[in-house]
Amino acid sequence: MLKRGNDSVIVLTDSIEQFKESWPGSLPSPARLVDVPSCLANTPLQHWLESPELAAAVFRQQNIANALRLAAIYKNGGAYLDLDIVPLQDKLFSADGALSMQCTIAECGEDFWLNNAYLKFPPKHPFMWQLMNAFALEFNGALWGFNGPRLVSSLYNRLLCADPVAPRSECAGVDLLPVERLAPLNWANTIQALSSSPAQPEFDFHDEDFWAVHIYHNMWKEACIPQPSVFNDIMLEHCPQVSMYSSNHIYCQVLM
């Protein structure tokens, strides 16, 4: 368990040893061994775990992780963040119920305008129950993103959550973070941000509109964070423990 201000960050893993190997040095109680059946018990995902659809899924482990985040937030409340999100402001954790936009409907269409990279809900929120139920009933293990961004977007639309007149009761207390709140560094501008110098930054991460930075890491797996750089500065300021323990893995002098 790591600390960020008054918040505890809990890492769930199916292999404590593998997780420890990924961190040079040691962390105080950094991870908990996850018992997937127990985590999904008494939720709509309980029987899905043993379903033939999951057994045949192309992206089986990724979708189990998708399901775990939903059950964990439903049962315990709190905030879920993908590992490629760097929190900048405590406002990110103060919302009662919130989802994040990854783009506008005009830019991405109704199927992919929301995502599941950030979830912030109190325990037992009915929207999260409906999300788990839709996940189990509509599961598609062959399409990447179907049970993540597409599912969240679809359910939000079906429940009329954006309708000021007739939203379903499950939408109560569900807010949307505008695109700029998570400073979305997409596939086109991520490298610019990583290599941006503190003297002439491409992106001002101290802008009050930015509550976090979301780096779409799958497009820069071979890249690293230059020193000095703007991104290096925000990592040291906002994620000092991660910076300390992973310095051999994420930093470089010249962008690869």
Side-chain angles (χ1 to χ4, degrees), residues 1-14 19 29-49 54 59 61-87 89-102 112-139 145-159 161 167-178 181-182 211-212 214:
M1 187 178 294
L2 309 179
K3 288 286 188 178
R4 183 186 180 276
N6 294 322
D7 300 308
S8 295
V9 179
I10 301 171
V11 178
L12 300 178
T13 178
D14 60 358
F19 181 79
S29 304
R32 295 179 181 174
L33 187 64
V34 62
D35 182 339
V36 176
S38 294
C39 288
L40 303 187
N42 303 313
T43 77
L45 298 166
Q46 179 174 347
H47 299 296
W48 164 84
L49 186 61
L54 176 60
F59 305 109
Q61 290 301 113
Q62 188 261 350
N63 278 303
I64 289 175
N66 279 338
L68 281 171
R69 75 184 67 174
L70 304 183
I73 293 299
Y74 177 77
K75 289 185 173 184
N76 303 298
Y80 168 84
L81 301 177
D82 272 0
L83 285 174
D84 53 5
I85 294 178
V86 180
Q89 297 192 39
D90 289 338
K91 294 176 183 177
L92 190 67
F93 306 100
S94 62
D96 289 330
L99 301 168
S100 62
M101 295 172 58
Q102 61 182 1
F112 280 99
W113 69 297
L114 305 179
N115 67 30
N116 60 340
Y118 166 77
L119 302 166
K120 173 66 173 71
F121 285 91
K124 307 299 190 292
H125 195 285
F127 184 86
M128 292 303 299
W129 181 270
Q130 290 295 332
L131 199 55
M132 291 188 293
N133 193 52
F135 187 104
L137 293 176
E138 303 168 23
F139 179 73
F146 188 93
N147 314 295
R150 183 188 290 270
L151 176 72
V152 176
S153 301
S154 173
L155 182 67
Y156 187 88
N157 295 337
R158 290 203 306 268
L159 294 179
C161 291
R168 291 271 298 273
S169 60
E170 293 91 339
C171 301
V174 180
D175 295 324
L176 289 186
L177 296 189
R181 289 287 185 259
L182 264 67
W211 292 5
H214 189 186

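Because the structure is a prediction, the values reported are computed rather than measured.
- Among residues two or more places apart in sequence or in another chain, the side-chain hydrogen bond (donor to acceptor under 3.5 Å, both in side chains) test is passed with Ser153 by none.
- Contact check for Phe121 versus Leu131: no side-chain heavy atoms found under the 4.5 Å cut-off.
- Pairs of residues two or more places apart, or lying in two chains, never qualify as salt bridge (Lys or Arg N to Asp or Glu O under 4.0 Å) while including a residue from residues 116-129.
- In terms of the side chain to side chain contact (heavy atoms under 4.5 Å, CB included) criterion, residue partners of Arg69 (sequence neighbours excluded) are, by chain and number, Asn66, Tyr80, Asp82, Asn116, Leu119.
- A side-chain donor-acceptor contact under 3.5 Å links Lys75 to the backbone of Ala41.
- Between Ser100 and Asn115, the shortest heavy-atom distance links the atoms OG-OD1, 2.7 Å.
- Listed here is the closest heavy atom pair of Glu138 and Phe146: O-CE2, 3.1 Å.
- To the nearest 0.5 Å, atoms CG (Leu99) and CE (Met128) are separated by 8.0 Å.
- The side chain to side chain contact (heavy atoms under 4.5 Å, CB included) test applied to Pro44 returns Trp129, Met132, Asn133, not counting sequence neighbours.
- With sequence neighbours excluded, the residues forming a side chain to side chain contact (heavy atoms under 4.5 Å, CB included) with Phe139 are Trp48, Glu53, Leu54, Ala57, Asn63, Phe135, Asn147, listed by chain and number.
- Contact of the Asn157 side chain with the Leu114 side chain is not registered, since no non-hydrogen atoms from C-beta on lie closer than 4.5 Å.
- Smallest separation of non-hydrogen atoms from Arg158 and Ala134: NH2-CB, 3.9 Å.
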How far apart are the C-alpha atoms of Phe93 and Leu81, what are their side-chain angles, what is the distance that settles it, and do they pass the side-chain contact (heavy atoms from CB on, under 4.5 Å) test?
-> CA-CA 10 Å; Phe93 306 100; Leu81 301 177; 4.0 Å; yes
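- Separating the CG atom in Asn42 from the OG atom in Ser38 is a distance of 9.5 Å, to the nearest 0.5 Å.
- In this view, Asp96 satisfies the side chain to side chain contact (heavy atoms under 4.5 Å, CB included) rule with no residue, not counting sequence neighbours.
- Separating the CD atom in Gln130 from the OH atom in Tyr74 is a distance of 10.0 Å, to the nearest 0.5 Å.
- Between Gln89 atom CD and Trp211 atom CH2 the span is 7.5 Å, to the nearest 0.5 Å.
- Considering only heavy atoms from C-beta on, Leu68 comes within 4.5 Å of Ile64 through its side chain.
- Note that SG of Cys39 and CG of Leu70 are 12.0 Å apart. Values are rounded to the nearest 0.5 Å.
- Listed for the Tyr118 side chain is a donor-acceptor partner under 3.5 Å among the backbone atoms of Leu92.
- When all heavy atoms of Leu40 and Ala67 are compared, the closest pair comes out as CD2-O, 4.0 Å.
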